[in-house]
Number of protein chains: 2
Amino acid sequence: MEGQRLPGALNPSHFPAKLWQLVNSPRFGSVRWDARGEGLLIDQRLFERELLGAAPAGQGAALTAAFFKTRNFPSFIRQLNLYGFRKLGPGPLQGLAGGDGGGSAGPLLHFHSPHFRRDRPDLLVHLKRLTSANKAKLAAGLQVPSRPPQRSQRLLGAALHGDPALLPSRLGEAARPGELGWAPAWW
Amino acid sequence: MEGQRLPGALNPSHFPAKLWQLVNSPRFGSVRWDARGEGLLIDQRLFERELLGAAPAGQGAALTAAFFKTRNFPSFIRQLNLYGFRKLGPGPLQGLAGGDGGGSAGPLLHFHSPHFRRDRPDLLVHLKRLTSANKAKLAAGLQVPSRPPQRSQRLLGAALHGDPALLPSRLGEAARPGELGWAPAWW
DNA sequence: GGTTCTAGAACC
DNA sequence: GGTTCTAGAACC
């Protein structure tokens, strides 16, 4: 399980953290690592059913866990591109994807970012939202700050990942009512 | 049935002609006119099944008529935008869409172009592919030429639409073998 | 920062 | 000209 812990410095409500949790979660099969742990394999059909609440055609829209706010798969792709992921086409690199993944319903999309690797959660902090402003800063060699998670978010993350180092040690620092009394629907 | 005939000047292999035939075809329910005949109502779920060969989830990909070359719905949207269609959001205009369309499987997308109206096939010639070059020409008040359909395509269109004026009147002008010996799979 | 709609560009 | 991938911009 090493390498699957979400670094505490990441804001769990932002896309990189959510994606990290998603790919490492046994709950979901639509997003997983490729054979080398250096890219993402995404089963669009399964993704829409698991995460976007798409009904199996004929049934009404099922209410589903709100991992993402959207109901549209293209918005997820937009997020990937916005954070610098690139699609890997069919070819030698794609060949490393690693099989059909066992019962996948549809074709797999293969995406890659140099800052998103299974064994390198420390690189996640380099995933930046590539707005034009941020790109200009990065091009100029400047730093792009990340808003750190709020106290309640850090507590939640620590609780979810069982990281005692991040949990309050004294009662006086304990979570206020409501602060830890919930969990995301997708967990 | 007036107004559903494809103008002979249009190249039937290009997007505007295909879209016109699609929305006026009784074969397909995924694309149809809104209540005013001034916009398109598109049922993405049905569109993917009818025209892109999407399997009903679980089954393998079904082989389907090749109305479009793509298997991806976003490519169809890209075409709409490329030809100047804009999406109408929920609101007063959207309210004119006209019901759920009778058994539509999913939510409807509403798109509009001033050159695409049920009762005005004569406007279709103004639908231009909005490349940056074409947009510059249009902005300069210049004309953007359309490649006219080839002889075989004119003949096919005339035959499909039963337009005797466009069909050869003498045997010497008749179609050569193979020229009319086929029809699109989707017809 | 996330989501949505549209457009640029490259490839076919 | 059609298709695909990525990005800009506006809105939330």
Side-chain angles (χ1 to χ4, degrees), chain A residues 10-19 22 42 44 51-53 66-91 93-94 107 109-113 127-136 138-139 144-150 153 184, chain B residues 10-19 22 42 44 51-53 66-91 94 107 109-113 127-136 138-139 144-150 153:
Chain A
L10 258 66
N11 189 323
S13 71
H14 290 180
F15 183 75
K18 285 191 173 181
L19 187 62
L22 177 56
I42 302 166
Q44 175 175 356
L51 296 162
L52 303 181
F67 198 99
F68 298 109
K69 294 182 198 168
T70 184
R71 301 231 128 200
N72 302 312
F73 188 74
S75 293
F76 176 65
I77 300 299
R78 183 70 191 95
Q79 285 280 59
L80 287 174
N81 287 142
L82 202 50
Y83 280 89
F85 283 83
R86 319 285 297 198
K87 188 178 187 182
L88 299 179
L93 279 175
Q94 171 77 331
L109 307 178
H110 199 180
F111 277 85
H112 175 264
S113 158
L127 275 182
K128 300 295 181 183
R129 201 174 184 261
L130 296 179
T131 61
S132 52
N134 279 355
K135 281 194 285 190
L138 290 171
V144 174
S146 291
R147 231 175 291 275
Q150 300 301 305
Q153 292 175 321
Chain B
L10 283 176
N11 190 323
S13 73
H14 290 181
F15 183 75
K18 286 191 174 181
L19 187 61
L22 177 56
I42 302 164
Q44 176 175 355
L51 297 162
L52 303 181
F67 199 100
F68 299 109
K69 294 182 198 167
T70 183
R71 300 230 129 200
N72 302 312
F73 188 74
S75 293
F76 176 65
I77 300 299
R78 182 72 193 91
Q79 286 281 58
L80 287 174
N81 288 141
L82 203 50
Y83 280 90
F85 284 82
R86 318 285 295 199
K87 187 178 187 182
L88 299 178
Q94 171 77 330
L109 307 178
H110 198 181
F111 277 84
H112 175 265
S113 158
L127 275 182
K128 301 293 182 186
R129 201 173 184 262
L130 297 179
T131 61
S132 53
N134 279 354
K135 281 193 285 190
L138 289 172
V144 174
S146 292
R147 231 173 293 272
Q150 300 301 305
Q153 291 175 321

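Every chain is numbered from 1, with letters handed out A, B, ... down the list of sequences.
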d([atom1], [X]; [atom2], [N]) in whole Å:
{"X": "B:F76", "N": "D:dT4", "atom1": "CZ", "atom2": "C1'", "answer": "16 Å"}
{"X": "B:N72", "N": "D:dG2", "atom1": "CG", "atom2": "P", "answer": "16 Å"}
{"X": "A:H110", "N": "D:dC5", "atom1": "NE2", "atom2": "P", "answer": "14 Å"}
{"X": "B:N81", "N": "D:dT6", "atom1": "CG", "atom2": "C1'", "answer": "15 Å"}
{"X": "A:H112", "N": "D:dC5", "atom1": "NE2", "atom2": "P", "answer": "17 Å"}
{"X": "B:H14", "N": "D:dG2", "atom1": "NE2", "atom2": "P", "answer": "6 Å"}
{"X": "A:I77", "N": "D:dT4", "atom1": "CD1", "atom2": "P", "answer": "13 Å"}
{"X": "B:F73", "N": "C:dC5", "atom1": "CZ", "atom2": "C1'", "answer": "13 Å"}

Partners passing side chain to side chain donor-acceptor pair (under 3.5 Å) against A:T131 (at least two apart in sequence or in another chain):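 Expected list: none.
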query: So B:R86 and B:F111, side-chain contact (heavy atoms from CB on, under 4.5 Å) or not? Walk me through it.
result: CA-CA 5 Å; B:R86 318 285 295 199; B:F111 277 84; 5.8 Å; no
Can you tell me if [X] touches the phosphate of [N], counting only side-chain N or O atoms and a distance under 4.0 Å to OP1 or OP2?
{"X": "B:K135", "N": "C:dG8", "value": "yes"}
{"X": "A:T70", "N": "C:dT3", "value": "no"}
{"X": "A:S132", "N": "D:dG8", "value": "no"}
{"X": "B:R86", "N": "C:dC5", "value": "no"}
{"X": "B:K87", "N": "C:dC5", "value": "yes"}

- prompt: Should the ring pair A:Y83 and A:F15 be called parallel, tilted or perpendicular, given that the plane angle runs from 0 to 90° and is split at 30 and 60?
  reply: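 Ring orientation of A:Y83 relative to A:F15: parallel.
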Closest listed nucleotide, where the reference is the side chain of [X] and the choices are [options]:
{"X": "B:R129", "options": "D:dG2, C:dG2, C:dT4", "value": "D:dG2"}
{"X": "A:F111", "options": "C:dG2, D:dG2, D:dT6", "value": "D:dT6"}
{"X": "B:R78", "options": "C:dG8, D:dA7, C:dT3", "value": "C:dG8"}

- request: Would you classify B:Y83 as touching base, sugar-phosphate or nothing, given that sugar-phosphate means primed atoms plus P, OP1 and OP2, and contacts are heavy atoms under 4.0 Å?
  value: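 Result for B:Y83 = sugar-phosphate.
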Smallest separation among heavy atoms of A:L109 and A:K87, with atom names: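 Smallest interatomic distance, heavy atoms only, reads CD2-NZ, 3.7 Å.
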- request: With DNA chain D as reference, determine whether B:S146 or A:G84 sits nearer its 5' end, using the nearest nucleotide of each.
  value: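 Whichever sits nearer the 5' end wins; that is B:S146.
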query: Out of B:T70, B:L80, B:L52, which residue meets the side-chain contact (heavy atoms from CB on, under 4.5 Å) rule with B:S75?
result: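 By the side-chain contact (heavy atoms from CB on, under 4.5 Å) criterion, B:S75 pairs with just one of B:T70, B:L80, B:L52: B:T70.
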